[in-house]
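What you see below is based on every heavy atom in this structure, not just the backbone, and it leaves out hydrogens, waters and symmetry mates. It should be emphasised that the depicted structure is a prediction, and the values quoted were computed from it without experimental measurement.
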Number of protein chains: 2
Amino acid sequence: MNTRDLEYFIALTEIKNFSKVAYKFKVSQPTITFALQRLERELDSKLILRSRGHNLAITDSGEQLLLHARAIIKHGQLASSEIKHLKDAKLRLGLPPTIEDRYFAVVSTKLKQHGLLNKIEAVELGSAATLTALKNGELDLALLGSINPLAESNITSEEFDRRPFAIYVSKQHRLANGNGVYFKDLKHEDFILFKSGFIHNQVISSMAKRSHFRPNVVFKSSGIHSIINMIRENVGIGFFSTLMSDSNSDVVKVKLLDRDVPQFVTSIVYRESHQFNQLQTEILNQIRAALI
Amino acid sequence: MNTRDLEYFIALTEIKNFSKVAYKFKVSQPTITFALQRLERELDSKLILRSRGHNLAITDSGEQLLLHARAIIKHGQLASSEIKHLKDAKLRLGLPPTIEDRYFAVVSTKLKQHGLLNKIEAVELGSAATLTALKNGELDLALLGSINPLAESNITSEEFDRRPFAIYVSKQHRLANGNGVYFKDLKHEDFILFKSGFIHNQVISSMAKRSHFRPNVVFKSSGIHSIINMIRENVGIGFFSTLMSDSNSDVVKVKLLDRDVPQFVTSIVYRESHQFNQLQTEILNQIRAALI
DNA sequence: AAATATGATAAAATATTTTTATAATCAAGT
DNA sequence: ACTTGATTATAAAAATATTTTATCATATTT
């Protein structure tokens with residue numbers, strides 16, 4: 001079997017037209033015919049029902065092959081991308097900003113001690129984008145936040161922390177000296193939130209839905225520091241699980257008293273299929289030592 | 001990329017000798033050389049460090065490719081095997097005996113009503129062997145028992161029941177009229193168990209270890225009915241989660257009073273990559289309807 | 001230093017894939 | 001019913017890719 005034929009086949013199931021697939025791959029039309037015939041001969045089964053004039057129909061066997069064909073192509077691309085980056089002698093680490101802010105200081109200290117810090121190439125994206133990049137082989141490793149423990153196929157995750165979400169306010173704020181608040185009582189507060197793509201938004205909107213109000217959002221940023229600064233200036237309140245600056249007295253954490261407050265689960269995450277080289281293994285172990 | 005080259009490569013990492021790999025595949029030795037050169041050119045990276053006289057060494061890139069190569073070959077084989085069996089117009093169902101005994105009656109009634117029972121080809125193996133067969137594409141679907149919810153990669157599972165393990169005794173047995181027993185008090189009992197390969201054995205040996213004794217096993221069988229018959233005759237006691245015959249008064253269930261008694265989790269299980277055809281989908285839905 | 005084992009290379013032989021040119025099929029419009 | 005246009009299939013030739021045969025190069029062992 002030949003990955004080129006599989007790529008033609010996949011395109012055929014999507015485009016459903018031999019000539020257009022041929023055009024897409026810059027080959028002649030019979031090339032596609034022959035590629036499909038090869039696959040059908042090899043698997044001894046019709047994969048696509050041709051019809052001139054109509055759209056093509058994919059058989060059960062075709063659907064079955066399609067699933068594996070996609071996986072095979074993906075593995076080929078991953079192999080290629082991972083091997084290319086192995087030569088960089090760097091570990092590409094996905095690091096969403098909230099995680100970076102809260103956990104990376106301790107990691108970086110550890111790595112610096114062992115002369116490994118400059119072997120890291122940090123990639124700062126939201127959690128969802130980070131996970132996608134990891135799956136595509138654009139990252140070797142990531143520290144990820146999620147609401148539930150990650151259970152993605154082909155992905156291994158090692159949880160290292162888990163904390164309930166909470167409210168953060170300025171020390172001048174009326175809630176600063178209380179010992180907690182119910183989410184429903186935040187109806188008239190101004191929120192300063194992350195831009196979309198952060199898990200925090202999913203969580204806050206689900207909590208708001210449960211409490212039957214729409215939070216009043218006065219500003220959205222993707223920079224955690226500008227959010228904290230605005231909270232400090234009492235422009236509005238924030239919504240995080242933990243902050244490095246929990247000890248910082250300018251911004252005060254206020255517990256949520258609701259039952260079943262969602263938790264922010266943080267994990268070290270990598271592809272099952274990723275082969276860590278010696279340098280990368282060392283880095284991974286130092287990160288584990290720092291966090292777990 | 002070409003699966004033949006990947007197969008040569010995988011063999012090379014195992015056999016570590018070009019000539020012997022060539023012999024294995026019944027091709028000439030330069031064929032292997034060229035295949036490896038093709039891969040190295042395509043991935044632009046040395047995969048194997050050759051040395052004449054010594055064993056070959058696999059590079060980091062080679063190790064990385066190896067993981068994907070194995071996955072690719074596996075997908076190819078699965079596609080082939082699954083497509084071959086799609087034509088059988090049967091669903092190959094893995095059915096470990098304990099599950100068959102307890103749950104299949106209700107499933108078979110449902111399937112018979114819809115004229116689907118003869119479309120099932122039941123394969124009776126222990127849970128571990130069933131899972132392996134499923135992964136290898138020898139089964140389309142399985143009902144499986146496990147201690148924890150299944151979390152295998154590339155496998156989807158839908159839990160349908162979960163019950164604590166318990167002791168089963170004859171109605172003449174001294175425990176038959178009590179309302180439970182601690183496992184440690186079974187030290188002097190005779191056990192009738194499954195042969196190895198059944199999860200029950202793992203569970204009982206871990207409970208026995210916790211209670212600091214070795215259970216006294218008088219007989220092992222792989223047929224659940226002969227075990228039940230022996231229990232009925234008071235030859236010894238049994239260890240199951242539930243039996244169809246719970247309502248049958250000859251054999252009595254005795255609760256285990258220990259904390260954290262392991263549970264037998266039963267699930268409908270299939271490969272993520274399996275494409276169910278129309279018939280198979282119907283069968284799956286009826287099985288779900290019967291169990292979930 | 002010779003023998004042995006192992007992998008690489010060149011050139012030829014085979015096999016596979018792709019192209020060009022053309023045919024066949026089907027649907028829709030006239 | 002006939003024509004047209006769009007689409008896929010086929011045959012033969014050309015282009016590529018893979019494998020073999022024969023031989024060479026290198027390292028290890030004796």
Less than 3.5 Å apart, which donor and acceptor atoms pair up between the side chains of residues 87-99 of chain A and the rest of the protein, not counting sequence neighbours?
unit_1 : atom_1 : unit_2 : atom_2 : d
A:K87  : NZ     : B:D44  : O      : 2.5
A:D88  : OD2    : A:H85  : ND1    : 2.9
A:K90  : NZ     : A:N118 : O      : 3.3
A:R92  : NE     : A:D140 : OD2    : 3.3
A:R92  : NH1    : A:H85  : NE2    : 3.1
A:R92  : NH1    : A:G137 : O      : 3.1
A:R92  : NH1    : A:E138 : O      : 2.9
A:R92  : NH2    : A:G137 : O      : 3.2
A:R92  : NH2    : A:D140 : OD1    : 2.7

Heteroatom pairs (N/O) under 3.5 angstrom, protein to nucleotides 10-14 of chain C:
none

Show me, pair by pair, the donor-acceptor contacts under 3.5 angstrom made by side chains of residues 122-134 of chain A, not counting sequence neighbours?
unit_1 : atom_1 : unit_2 : atom_2 : d
A:T130 : OG1    : A:L125 : O      : 3.3
A:T130 : OG1    : A:G126 : O      : 2.7
A:T132 : OG1    : A:A128 : O      : 3.1

Could you go through residues 285-292 of chain B and list every donor-acceptor pair under 3.5 Å that involves a side-chain atom there, pairing it with any protein atom two or more places apart or in another chain?
unit_1 : atom_1 : unit_2 : atom_2 : d
B:N285 : OD1    : B:R288 : NH1    : 3.0
B:N285 : ND2    : B:T281 : O      : 3.3
B:R288 : NE     : B:E158 : OE1    : 2.8
B:R288 : NE     : B:E158 : OE2    : 3.4
B:R288 : NH2    : B:E158 : OE2    : 2.7
B:R288 : NH2    : B:Y270 : OH     : 3.4

Is the shortest heavy-atom distance from the side chain of A:Y8 to the side chain of A:L36 under 4.5 Å? no

Between side-chain atoms of residues 66-78 of chain A and protein atoms elsewhere (two or more places apart, or another chain), which donor-acceptor pairs fall under 3.5 Å?
unit_1 : atom_1 : unit_2 : atom_2 : d
A:H68  : ND1    : B:H75  : ND1    : 2.9
A:H68  : NE2    : A:Q64  : NE2    : 3.3
A:H68  : NE2    : B:E82  : OE1    : 2.6
A:K74  : NZ     : A:N136 : OD1    : 2.9
A:H75  : ND1    : B:H68  : ND1    : 2.9

D:dT8 P sits how many Å from A:L47 CG, rounded? 16 Å

Within the structure, does a side-chain N or O atom of B:Y8 lie under 4.0 Å from either OP1 or OP2 of D:dT19? yes

Quick one: A:L36 CG to C:dT17 P, roughly how many Å, whole number? 14 Å

Just how far, in rounded Å, is C1' of D:dT18 from CE of A:M1? 18 Å

Expressed as a whole number of angstroms, how long is the span from A:L56:CG to D:dA6:C1'? 13 Å

Nearest-Å distance for atom pair CD/P, residues B:E7 and D:dT18: 15 Å

Expressed in angstrom and rounded to an integer, what is the separation of A:E40 atom CD from D:dA9 atom C1'? 12 Å

A:N2 CG - D:dA17 P separation (whole Å): 11 Å

Among residues 18-28 of chain A, which residues get a heavy atom nearer than 4.0 Å to DNA chain C? A:V27, A:S28

B:R38 side-chain N/O to D:dT18 phosphate OP1/OP2 under 4.0 Å: yes

By the 4.0 Å heavy-atom rule, please label B:Q37 as base, sugar-phosphate, or nothing. sugar-phosphate

Identify, with sequence neighbours excluded, every residue that meets salt bridge (charged side-chain N to carboxylate O under 4.0 Å, His left out) alongside A:E42. none

Would one find a side-chain N or O of A:R50 under 4.0 angstrom from OP1 or OP2 of C:dC26? no

Between C1' on C:dA24 and CD on A:Q29, what's the gap in Å once rounded to a whole number? 12 Å

Give a yes or no on whether a salt bridge exists between A:K119 and A:E282, defined as a side-chain N under 4.0 angstrom from a carboxylate O. no

Counting only side-chain nitrogens and oxygens, does B:T33 get under 4.0 Å of the OP1 or OP2 atom of C:dT9? no

List the atom pairs, donor and acceptor, that lie under 3.5 Å between side-chain atoms in residues 143-151 of chain B and the rest of the protein, sequence neighbours left out.
unit_1 : atom_1 : unit_2 : atom_2 : d
B:S146 : OG     : B:N148 : O      : 2.8

For B:D5, give me all partners under side-chain hydrogen bond (donor to acceptor under 3.5 Å, both in side chains), at least two apart in sequence or on another chain. B:R38

Which nucleotide wins on minimum distance to the side chain of A:N17, given the candidates D:dT19, D:dT8, C:dT18? D:dT8

